[in-house]
Amino acid sequence: MNNFIESSIAGIPCIQINSRIESKGVILLYHGWVSNINDYVFFGSLISSWGYTVIIPEIPHHGARGKLNYFDPLDLQQHYWSVVVQAVNEAREIISELKDNIVGVIGNSAGGFIAGGIFANNVDIKSGIVINGSCAWERFEEHICELERREPWTSIERDSIRRLDPIFSIECIRGRSILILHGTDDTTIPINSQRYFMQIIREEGLTNSVKYVEYSKVNHHITLSMLEETNRWLLEQSKI
């Protein structure tokens, strides 16, 4: 039996991976900036083996939806935030069309930004997992601009980012659960903005809703330990 299906959901190219055991629900899985949905089939298959139906949506300007010069700093500055914002907005249509038990959203790198945004802005999704991403978008942009010595907000207006930035919807996390995993030596998505997010989480008394794990001396990678933590956390959430 083939458990791998290419489909279109709300007009978005997707890969659906069905669990070979009874499914506990649907998980949306978002890929990173230089990836596409096909690159995440292994990750998605692993999650499906834990007992979930996995949907991997293609993000704008990736795969069948077009190409960018992903390593060109100008293309990155021009398109990064518009891709993230569009993907978060499109998720509402995907969620509406699926009409299934969507138990979580997972994303890595740029997909981590997207997953955080989807989780914060769709309260019916029970849980989120952000790997090597950021839940404090404005803070991240400010930090990157300081490092690169450029002006912020060149690709999208500040208000557009703030509208979906998880840190500005932080109260929506209360009573829900999010797992954040990040390498301390990440040179692609520096860990600073996630540490800032956790500072706000502690100040707001929301530590019961967030599990945060740093991985010492890990750069911008998904490690075996991160996968084990993801599996463990999903298992715990399924029992709640």
Would you kindly confirm whether Leu147 and Phe71 end up in one hydrophobic cluster when ILVMFWY residues are joined by side chain heavy atoms under 4.5 Å apart?
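Linked within one cluster.
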
Give a yes or no on whether the ring-centroid distance for Tyr215 and His221 is below 6.0 angstrom.
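No, they do not, as the ring centres are separated by 6.0 Å or more.
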
Of all residues at least two apart in sequence or in a different chain, which pass the salt bridge (Lys or Arg N to Asp or Glu O under 4.0 Å) check with Glu146?
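With sequence neighbours excluded, Glu146 shows a salt bridge (Lys or Arg N to Asp or Glu O under 4.0 Å) to no residue whatsoever.
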
Apply side-chain contact (heavy atoms from CB on, under 4.5 Å) to Trp33 and His62, showing your working.
CA-CA 8 Å; Trp33 183 252; His62 289 71; 4.0 Å; yes

Picking from Leu28, Val105, Ile95, what satisfies side chain to side chain contact (heavy atoms under 4.5 Å, CB included) with Asn122?
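Testing Asn122 for a side chain to side chain contact (heavy atoms under 4.5 Å, CB included) against Leu28, Val105, Ile95 leaves exactly one candidate, Ile95.
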
Spell out, as yes or no, whether a donor-acceptor pair under 3.5 Å connects the side chain of Ser48 to the backbone of Val54.
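Pair absent, no side-chain N/O of Ser48 close to backbone of Val54.
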
Indicate the ring-plane relationship of Tyr80 and Phe140, choosing parallel, tilted or perpendicular according to the 30° and 60° boundaries.
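The rings of Tyr80 and Phe140 sit tilted, inter-plane angle from 30° to 60°.
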
Indicate the ring-plane relationship of Phe113 and Trp81, choosing parallel, tilted or perpendicular according to the 30° and 60° boundaries.
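The rings of Phe113 and Trp81 stand perpendicular, inter-plane angle above 60°.
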
More than 12 heavy atoms of other residues, nucleotides or ligands under 6.0 Å from NZ of Lys24: yes or no?
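Enclosed.
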
Quick check for you: to the nearest 0.5 Å, what is the distance between Ile129 atom CD1 and Leu234 atom CG?
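Separation between the atoms: 4.0 Å.
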
Roughly how far apart are Ile94 CD1 and Ile118 CD1, rounded to 0.5 Å?
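Rounded to the nearest 0.5 Å, the CD1-CD1 separation comes out at 7.0 Å.
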
Does a side-chain N-to-carboxylate-O contact under 4.0 Å join Arg174 and Glu204?
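Answer for the salt bridge query: no.
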
Validation row: [X], [Y] side chains within 4.5 angstrom (heavy atoms):
| X | Y | value |
| --- | --- | --- |
| Cys172 | Asn121 | no |
| Leu181 | Glu229 | yes |
| Thr188 | Asn132 | no |

Pair Gln237, Ser177: side-chain N/O donor-acceptor within cut-off below 3.5 Å:
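On atom types as modelled, these side chains qualify, holding a pair under 3.5 Å.
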
